[in-house]
Structures are given as C-alpha cells and as structure tokens.
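Input: a single structure, listed below in structure tokens.
In each ligand, atom 1 is the first atom listed, and ligand 1 is the first ligand listed. Values in this document were obtained by computation on a predicted structure and should not be read as measured data.
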Amino acid sequence: MAPNWYRLGPVEELKTKPLRQVVIEGRLVIALSYKDGRFGAVSGVCNHKGGPLGEGTLREDFIVCPWHHWMFHRETGEARPGIPAAVPRHDLKTEAGALYVDLEPATPRIDAPHPPHPVAREPRRAPGPLRVAGLSTTAMHAGFPRYSTSEALLGLALGEAAAAGAETKMIRVRELGFRTCEGYYSKSAQACTWPCSITQMDAKDEMTEIYEALVHWADVALVATPIRWGNASALYFKMIERLNCVQNQITLHDNVLIRNKVAGFIITGGQDNVQAVAGGMLMFFGELGFQFPQFPFVAHSRGWSAEDMENNVMQVQQDGELHEGARALARRCLAMAEGLAAEGEGRAAIERGGRKAGGE
Ligand code: FES
C-alpha cells in the first residue's frame, strides 16, 4: 500500500521527550519515542487491554505499558524475545526539519496465544450438596499459632454446616501468598480486569483460591474477622481490595459473577465497633452480589475498656450462647442458600449431588 505520510511536527521539538502518545485525527494512536539519536513509532494501543503505550516508560529499548507492564520494542513493536506478539510498527521519515509518520502500519498486530486463565470460566454451579467456604482473615505466625476467637467461631459454624450435609472448606487467608491490589483501577476503569491482571501474570499468586471459592465453588461464604482498631483486619482489607475486580465486572461490564450466593459474618474483638465493621462487610459483600439471611452476622465484644485479653479468650471459649450463635448463623445461611438455589438451576443439582442441608 502506498505510504500515507502525516506531518508530526518539527524534529527538534519532538526530540525533547523520550516517549509520547500522539493521537492523529482522533483515531490513530502512535507511541512515538526518541532515544540514542533515533525515533521509533509503534501503535500506542497495547495488545493486552488497550493501555496507552505512549504514556508508559522506556526500559532500554522497550516501552513498558503503564497499565500492567507488558513490553514492546519501541522501534520494531515486537514483544520481548520469546513472546510471539507485536504491536504494529509505523515508518518514519524526516523532510525539511519535520518528522513524518506513515499512517499505514508497516507490520501487523500479533497477539500471542494466551489460553484463558481457568478462573475466567463462566460461573456455573457444579452438581453436589450445598457448599460453604469459611474465610478466616485473622493474622498469626504459622510457627507459633495462637487461639483466635473469630476463627474458633468460624470452625464451629463450618462444623454445623458439615453436620447438616454441606461440603465445607476453611480458607485461612494468612496461609495464602498473594500480592496487594496494585490499583490498576486508579489508572483507568478498563485496566481493572477479570481475572485480576496479577492473577493472570503471576502464577504464584494464591488469590486464585479465594476467587475459585467465592465465584465458582461456594453457595455460602462465612467471613470471620477480628476487630483491629475499630476495623476488620488488615488481611481482610488486603483480600477485599483484590476482590475489586469482581465488583468492577458489574459496574463496568454488567457481568454479575456472583449470583444466588449467601454471605454471613463472624466478628470478634476485645474492644468495640462491631456495628461499623459489620456495616462495612455487609456493604462490600452486597456489592459483590451476595445476599444475606435474616441476622447476617454474629459478633462478640466486651467494650472499649476491656484490656484483659486473656479473659476475653476464656470468655469466648466458655460462652455457649455465642457458640450456638455461630452455629445458627451457618444454619440460616444454608437455609437461604437452599431457597435461592430453588429459584435457579441449582435445585436439581443440589438434589442430585447429595442430601439437602436442613434449615433452621
Ligand atoms: S499491559 Fe497494557 S493494557 Fe495491560
């Protein structure tokens, strides 16, 4: 095809920035670079999710996408060696002190074959009995475990669910190695992806276990947290920030990943603020798509001035009413999950898969 030259501007002026994003006539986007005395022009639209390559950074001769750090050679458009991918390259020429770019790409865009991440599959309830995932978000040293009041109550709730015929799974979030949310959403709404970009790029990131449990496996999520300075635990917040991508699928793409699922909460603290912690958890899990039974949390606190934590632990260990409260929460969640399943395709699957869990 004949070249279609477009005047970008004076050469001397364009030499002043190592990398810039140029939008031509509102449609073609070029990442224009200048380094070691040579210009380079490649498409400014990243192969991954369309990130603005010209707003990224240069690492040697590679442009690093500002969204999730994919890299393309600034002159050839090729991805790093070994990755069969490329963004289109554009020819350049100088004439009478001005730089021109050929609007027709000299090379095609090549997408590397990426099999979809397993967690990206469509959520579909597999046949089987009701399933309850317990997420304990308290932190403790693996080598020197301690008694956790929230985790102990969660254990009772899961035991009750198992006795009612449900499959159960305890996930101790502290045992998972996963990275903090890197705030891609703050760069652009489109930069927050499902599955999370970290999950897709880092095979060692174990947030996958939580995504699998909440999006695909469980009918009920029971989430337990201690109160730390009036809030849920830091580990809880680390986890829910990584769940932003699930919620953003709803707001950005009307893609509701969590349907007909129930959540309940266990909140314990030597000191107070139960209502605020419960309010935050209800809001977030509601925004994910979970539904709640009547009385959706069980909590324990002895108030602001209770500093005798050794007595607090003893009290939780001996408080039969509290133990029954945790068990009753599990029963309410299961009863509601069974009702929700009855509204959807899940009922047949539950009945085929095992005996039904009893409600309260
Ligand atoms: S790395 Fe460029 S959009 Fe994700």
Which protein N, O or S atoms lie under 2.8 Å from atom 2 (Fe) of ligand 1, given by chain and residue number? Cys46 SG, Cys65 SG
Would you please classify the geometry between the Phe62 ring and the His73 ring as parallel, tilted or perpendicular, with 30° and 60° separating the classes? perpendicular
Restricting to pairs with a member in residues 286-306, which pass salt bridge (Lys or Arg N to Asp or Glu O under 4.0 Å), not counting sequence neighbours? Arg302-Asp308
Using 30° and 60° as the class boundaries, would you call the ring planes of His114 and Trp70 parallel, tilted or perpendicular? tilted
Residues in ring pair (Phe, Tyr, Trp, His ring centres under 6.0 Å) contact with Phe72, at least two apart in sequence or another chain: none
Joining Ile, Leu, Val, Met, Phe, Trp and Tyr whenever any side-chain heavy atoms lie under 4.5 Å apart, the cluster holding Val45 also takes in Val23, Val29
Students often mix this up, so state it plainly: with edges at 30° and 60°, are the rings of His68 and His48 parallel, tilted or perpendicular? perpendicular
